[in-house]
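This report refers to the structure that appears directly beneath it.
Small disclaimer: the values here were computed from a predicted structure and weren't measured.
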2 protein chains.
Amino acid sequence: MTSRAEAADMPYDGETKTPDRLRRRASRLLSQMSAQADRLMNEGLAQVDARKWHYAVLASLQEFGPGSQATLSRRTGIYRSDMVGVLNELAERGLVERAPDPDDRRRNVITITAQGRRHLRRLDKVLDDLHEELLAPLTPAERDQFVQQLTRLLDHHTQQAPHPPIP
Amino acid sequence: MTSRAEAADMPYDGETKTPDRLRRRASRLLSQMSAQADRLMNEGLAQVDARKWHYAVLASLQEFGPGSQATLSRRTGIYRSDMVGVLNELAERGLVERAPDPDDRRRNVITITAQGRRHLRRLDKVLDDLHEELLAPLTPAERDQFVQQLTRLLDHHTQQAPHPPIP
DNA sequence: CGGTTGCGTTAGTCTGACTAACGATGTAAG
DNA sequence: CTTACATCGTTAGTCAGACTAACGCAACCG
């Protein structure tokens, strides 16, 4: 069981090879895969004039109905300071409507438009395709497993999280 | 087609719940887990006056011996423009030595020092602990599986990659 | 010799994640 | 009622990671 391969008769290549202890680190794999996934999504979404956050907000609106910006922030995990810009973009494109809430004049009520719903359907399709590409090397069973493990990890670190409860 | 109608008798919480289609997206899970892992690593490493990149460089030096900055760049995946700063930090701390290469005067030869080796041993321990924490919810078998799947994904996207061959 | 390639370095872009503080408004306690 | 506190939208800014462009220099190739 030679795990790290007696370099003895291997074409030793200290020029390009990454040490095993490095390649194996989950944190490293995660950040690299995350970068890769981000690149993929951004490219794909750019082709339909959209961004990751657009999808998050539209999906949340579709699923749970209208809400204030702070509500959307909680639902999507986007900081409310960043939500401003996202909603500007969505409103510019006519995908959502931002109207003052008569019941609470601090708030804006955000509503998805018909066009927004249409756009969301498109984004869903685009993202499905992109994820197909992203997860191509995994079998369907492995994909489920992978997603489920990621979910468990994430839940564990965000439950009684000492850190980021989306301020 | 009542796609969101089933909320009928659920404790509907449109204020904080994230839509399923969103929570499930691997790209989203990856970026969130990556952020979480980054935070964890950065915090842990900060306590021993180190950074992620420090580990990568030191590990590479230990495993494959001295090399030029460009070589290290290839081995670790750090851009050579960022390598400069990393090596400055490592040199300041006396963990590596940067000497001009007499055989090729464009190059610097980077060598790990005894102190660097000591530091690396410490970092390895720290990272082991941090990863124990990071992957806590997974059984040992699942961890292997998880790492292996990430590796496969990453390999697939970096092999004949149209995109980032570490320029 | 001249052109191309590789090297180290500087500077700068872009994105995502995150903090601080503001004024305006709402809620609760005395 | 008024004083204190919390929440909302917004602006501005920090910080890190990933990445590009371009520079001057040195080496290699034909």
**Message:** How many whole angstroms separate atom CG of A:L87 from atom P of D:dC8?
**Reply:** 14 Å
**Asked** Does B:E63 come within less than 4.0 Å of B:R75, counting only side-chain N to carboxylate O?
**Response** no
**Message:** Using a heavy-atom cut-off of 4.0 Å across all strands, would you classify B:D82 as base, sugar-phosphate, or nothing?
**Reply:** base
**Prompt:** Any side-chain N or O of A:Y79 under 4.0 Å from OP1/OP2 of C:dC18?
**Reply:** yes
**Prompt:** Just how far, in rounded Å, is C1' of C:dT15 from CD of A:E89?
**Reply:** 12 Å
**Distance-only polar pair, side chains of B:Q115 and B:R93, donor-acceptor under 3.5 Å** = no
**Request:** Using atom CD of A:Q36 as one end and atom C1' of C:dT15 as the other, report the distance to the nearest whole Å.
**Result:** 16 Å
**For B:L130 against B:G44, the heavy-atom pair lying closest together** = CD1-CA, 3.9 Å
**Candidate nucleotides C:dA17, D:dC8, C:dG8, ranked by approach to the side chain of A:W53 - the nearest** = C:dA17
**Request:** Just compare C:dG8, C:dG16, D:dC8 and give me whichever is closest to any side-chain atom of A:R51.
**Result:** C:dG16
**Message:** Would B:R28 and A:K52 count as a side chain to side chain contact (heavy atoms under 4.5 Å, CB included) here? Give the steps.
**Reply:** CA-CA 9 Å; B:R28 192 152 230 275; A:K52 285 186 348 178; over 6 Å; no
**Request:** Could you name each residue pair satisfying salt bridge (charged side-chain N to carboxylate O under 4.0 Å, His left out) that touches residues 82-92 of chain A, not counting sequence neighbours?
**Result:** A:R51-A:E89
**Whole angstrom value for the distance that separates P of D:dA16 from NZ of B:K52** = 12 Å
**Request:** Report yes if a side-chain nitrogen or oxygen of A:R98 is closer than 4.0 Å to either non-bridging phosphate oxygen (OP1 or OP2) of D:dT10; otherwise report no.
**Result:** yes
**Prompt:** Can you check whether A:R80 has a side-chain N or O nearer than 4.0 Å to OP1 or OP2 of C:dT19?
**Reply:** no
**Request:** Would you mind reading off the distance between A:M83 atom CE and D:dA12 atom P, rounded to a whole angstrom?
**Result:** 19 Å
**Complete:** In whole angstroms, the gap separating P of D:dT11 from CD of A:Q69 amounts to 10 Å
**Request:** Would you kindly say whether A:Q149 and A:R152 are connected by a side-chain donor-acceptor distance under 3.5 Å?
**Result:** no
**Request:** Check whether any side-chain N or O of A:R107 sits under 4.0 Å from OP1 or OP2 of D:dC8, and answer yes or no.
**Result:** yes
**Prompt:** Does A:R98 CZ have over 12 foreign heavy atoms under 6.0 Å away?
**Reply:** yes
**Asked** 5'-most contact on DNA chain D: A:Q32 or A:S81, nearest heavy atom basis?
**Response** A:S81
**salt bridge (Lys or Arg N to Asp or Glu O under 4.0 Å) between A:R25 and B:D124, worked out** = CA-CA 11 Å; A:R25 293 282 183 198; B:D124 251 323; 2.9 Å; yes
**Request:** Side chain of A:A35 only, please: which of C:dG16, D:dA18, C:dT9 is the nearest?
**Result:** D:dA18
Sort me out a list of protein N/O and nucleotides 25-28 of chain D N/O pairs below 3.5 Å, or just none if empty.
unit_1: D:dA27; atom_1: OP1; unit_2: B:R105; atom_2: N; d: 2.8
unit_1: D:dA27; atom_1: OP2; unit_2: B:R105; atom_2: NH1; d: 3.4

**Request:** Examine D:dT10: is either OP1 or OP2 under 4.0 Å from a nitrogen or oxygen in the side chain of A:N108? Give yes or no.
**Result:** yes
**Request:** Could you tell me the separation between the CD1 atom of B:I78 and the C1' atom of C:dT9, rounded to a whole number of Å?
**Result:** 16 Å
**Request:** Check whether any side-chain nitrogen or oxygen of A:R39 sits under 4.0 Å from OP1 or OP2 of C:dC14, and answer yes or no.
**Result:** no
**Interatomic distance, B:R75 CZ vs C:dC7 P [rounded to whole Å]** = 13 Å
